[in-house]
2 protein chains.
Amino acid sequence: MIEIKTEIFLGDSKDILKDIGENSIDLIVTSPPYADRRKNTYGGIKPEKYVEWFLPISKQLLRVLKPTGTFILNIKEKAEDGERHTYVIELILELRKQGWLWTEEFIWHKKNCYPGKWPNRFRDAWERCLQFNKTKKFDMYQEEVMVPIGDWANGRLKNLSETDKIRDNSRNGSGFGKNISNWLNRKEVYPTNVLNFATVCNNKNHSAAFPEELPEWFIRLFTKEFDWVLDPFAGSGTTLTVAKKMKRNSIGIEILPEYVDMVRETIQENQFFLFETKEKYGQSKSF
Amino acid sequence: MIEIKTEIFLGDSKDILKDIGENSIDLIVTSPPYADRRKNTYGGIKPEKYVEWFLPISKQLLRVLKPTGTFILNIKEKAEDGERHTYVIELILELRKQGWLWTEEFIWHKKNCYPGKWPNRFRDAWERCLQFNKTKKFDMYQEEVMVPIGDWANGRLKNLSETDKIRDNSRNGSGFGKNISNWLNRKEVYPTNVLNFATVCNNKNHSAAFPEELPEWFIRLFTKEFDWVLDPFAGSGTTLTVAKKMKRNSIGIEILPEYVDMVRETIQENQFFLFETKEKYGQSKSF
DNA sequence: GTTCCGCATGAATCGATAG
DNA sequence: ACTATCGATTCATGCGGAA
């Protein structure tokens, strides 16, 4: 049996990344601290300084990624003084200048988004998952994230609430009703570039940037077993935990010691559950 | 009874717009020809030339819009040679330089997007609806687009405990307490910035850029009756048709004569249905 | 085992007030 | 004038205990 390696390093990604060999990582999936967010833990990066702060890190990411690898960047710009900030779209342009290909933009649709009411805007229910690549020939295992149509038809349609049916507003039969017959003789369908995951809001000790489903989906899509996954902003270690459960090697970098300690404990714990949870992560594809 | 005016002009928006008075339009909602798309109808604008082509038009749009008005731009960059084009995000940056405020980015989630399969990407199921404003004090009628409350309310709001009825602002200063009693008689909640509209799949020879629900939603949100709505790329006239049904005055501009003829016929037709459809568009709010 | 119910909490944003 | 802090507003979900 081949051992799965899961490592977490304490320090600044800009520095630590230099110790990782070039062309060695299959997938980078991360959610960096957003501008002016998490001030109490990360100090908060000023929006005007965000691109400048990120580029040295992404330069290293470009170096360590395999030519067939993928970089997924989960990020969302804040609204301030009535406007959306532009640092994220400026970052896209700068990353391309750095040599990255901007392959795709996935939308993470958060149904249970933050509450609140303002006179000039509604609640923000989505985030960007930007896909960047080093070359046009990257690995993509589309079949791994297919949605079983049986489950979709039975589960999704059955679970669809009455309000969902009203909200989704499938007028003149162009929604579920009309097209369902097309899927009767198929077993699975490919997903789209809009992903639905609920945010995590547990009453436990810490908060995670994204739910486990998010890195799980991208790991399944862009890696196979024993590949290497990197999260340069590991935080509470969601990416590493999921990678380990899915039998991928992983490396995390985190600047806050308390998070690093926590991740190390989590990794230890998971070893006991590795075999119990294998089935869940290996076969469910429950999207 | 006040008459509703619906006008369609034949010509290039860059020129025709100069005949419209400044500060006279309450809402601009449009879906311009996408770069390199609809070559057979519009001649196709090269992606590299897109921003340059659009800016003279948006300059006029800025002039004709009221200070309290809103500009909704429905657009999506195409994928070419394995990459997403950057002309849309470059356009956002240039529009800000022109004086526009980039207030928000709505996501139009197309649940029944076009089928297809590619080795390097999934089906594209979303488009941007970019909101721009002239000032920070724009009109917004949020109550007009409220949606039914989620099912969670059914089971949970029946019996409120005493602690539910008092505000509880304690705990880690996260800011949010609860006052569930606010929702006791609540049947509707505010929507988010993710919109679900099914695409129209008609096999006519003209390209309907968006379904009626899309302009209807923004017209309801940003205008009241007898306000003025403008679509500088009217196409088959969806915006005008909806505006008329909703008792808003409207102006359309379209460069192709056959579209203009078609729109004029449609407008005539709708006059017979004005009173029949009033109820549907005035009261349904079926989102 | 299920289902139901109480409860905590979340990458938020604006406007007013204070330094 | 410009920045920092504080108060107000709000909806969906998972967890855990009870029925």
Side-chain angles (χ1 to χ4, degrees), chain A residues 30-48 50 73-85 87-88 108-129 159 161 163-164 167 196-214 233 235-236 238, chain B residues 103-104 136-138 140 142 146-184 186-194:
Chain A
T30 195
S31 190
Y34 298 177
D36 275 350
R37 297 283 169 239
R38 303 195 162 184
K39 275 179 189 162
N40 45 349
T41 48
Y42 285 95
I45 299 107
K46 285 270 181 296
E48 313 84 57
Y50 200 85
L73 180 61
N74 166 230
I75 196 165
K76 182 64 192 267
E77 55 270 57
K78 63 177 296 198
E80 190 179 274
D81 200 20
E83 265 196 289
R84 284 278 161 204
H85 264 279
Y87 57 88
V88 172
W108 171 23
H109 179 12
K110 303 183 285 186
K111 259 193 82 175
N112 62 335
C113 62
Y114 220 87
K117 183 185 183 319
W118 310 274
N120 58 343
R121 65 179 66 250
F122 290 131
R123 292 171 296 143
D124 192 3
W126 63 279
E127 295 189 13
R128 306 179 196 276
C129 291
N159 291 337
S161 68
T163 46
D164 270 345
R167 287 178 171 192
N196 281 283
F197 303 124
T199 56
V200 279
C201 57
N202 47 14
N203 43 7
K204 299 295 183 188
N205 39 9
H206 65 276
S207 65
F210 41 54
E212 292 195 356
E213 285 88 348
L214 198 143
F233 305 98
S236 54
T238 309
Chain B
T103 307
E104 181 58 304
K136 282 162 192 164
K137 294 287 180 187
F138 55 88
M140 194 178 194
Q142 299 190 355
M146 291 184 82
V147 296
I149 196 168
D151 285 337
W152 60 273
N154 289 338
R156 300 192 176 201
L157 294 182
K158 286 171 187 167
N159 310 341
L160 288 181
S161 66
E162 285 306 309
T163 48
D164 274 341
K165 290 174 184 167
I166 61 171
R167 196 163 180 88
D168 178 15
N169 265 333
S170 59
R171 287 288 188 268
N172 75 6
S174 73
F176 271 83
K178 60 184 156 73
N179 190 353
I180 303 256
S181 58
N182 280 351
W183 294 315
L184 255 185
R186 188 71 70 86
K187 288 284 188 293
E188 295 183 313
V189 299
Y190 294 101
T192 70
N193 58 359
V194 177

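All heavy atoms count here, side chains included; hydrogens, waters and symmetry mates do not. A note on names: the letters A, B, ... follow the listed sequences, proteins ahead of strands, and every chain is numbered from 1.
Between A:Trp126 and A:Lys76, the closest side-chain pair of non-hydrogen atoms falls below 4.5 Å. Annotation: side chain of A:Cys113 is not in contact with side chain of A:Phe122 (no heavy-atom distance under 4.5 Å). A:Asp124 places a side-chain heavy atom less than 4.5 Å from the side chain of A:Arg84.
The CZ atom of A:Phe122 sits 15 Å away from the C1' atom of C:dA12 (whole-angstrom rounding). Rounded to an integer number of Å, the gap from CG of A:Asn196 to C1' of D:dA12 is 14 Å. One interatomic measurement links the two molecules: CZ of A:Phe210 to C1' of C:dG10, which rounds to 16 Å at whole-angstrom precision. Separating the CD1 atom of A:Ile75 from the P atom of C:dA12 is a distance of 14 Å, rounded to the nearest angstrom. The NZ-P distance, from A:Lys117 to D:dT10, rounds to 7 Å in whole Å. Rounded to a whole Å, the CH2 atom of A:Trp126 is 19 Å from the C1' atom of C:dG10. To the nearest angstrom, P of C:dT13 lies 14 Å from CE of B:Met140.
Of the candidate nucleotides D:dT13, C:dC14, D:dC11, D:dT13 has the atom nearest to the side chain of A:Lys111. Side-chain proximity of B:Val189 to the nucleotides D:dA12, C:dG10, C:dT13 is greatest for D:dA12. Comparing C:dG15, C:dC14, D:dT13 against the side chain of A:Ala198 picks out D:dT13 as the nearest.
Separating the P atom of D:dT9 from that of C:dA11 is a span of 22 Å, rounded to the nearest Å.
Salt-bridge check for A:Lys46 with A:Glu48: failed, with every basic side-chain N at 4.0 Å or more from each acidic carboxylate O. Salt bridge annotation for B:Lys136-A:Glu83: absent, with no cationic side-chain nitrogen under 4.0 angstrom from a carboxylate oxygen.
If A:Asp81 and A:Glu127 are placed on DNA chain C by their nearest nucleotide, the residue sitting closer to the 5' end is A:Glu127. If you find the closest nucleotide of DNA chain C to A:Cys113 and to A:Lys78, the one lying nearer the 5' end belongs to A:Cys113.
Residue A:Arg121 places at least one side-chain N or O closer than 4.0 Å to OP1 or OP2 of C:dC14. Here A:Arg37 reaches the OP1 or OP2 of C:dA12: one of its side-chain N or O atoms lies under 4.0 Å away. Proximity of A:Arg84 to the phosphate of C:dT13: a side-chain N or O atom is located under 4.0 Å from OP1 or OP2. For the pair A:Asn112 and D:dG14, the criterion of a side-chain N or O lying under 4.0 Å from OP1 or OP2 is not met.
Across all strands shown, C:dA11 forms no Watson-Crick or G-U wobble pair with both distances under 3.5 Å.
Checked by distance alone, A:Ser31 brings a side-chain donor or acceptor within 3.5 Å of a matching partner on the base of C:dA11.
For C:dA11, the base adopts the syn conformation, since its glycosidic angle falls within 90 degrees of zero.
Residue A:Pro33 is classed as a base contact, given a heavy-atom separation below 4.0 Å to a base. As judged by a 4.0 angstrom heavy-atom cut-off over every strand, A:Pro32 is placed among the base-contacting residues.
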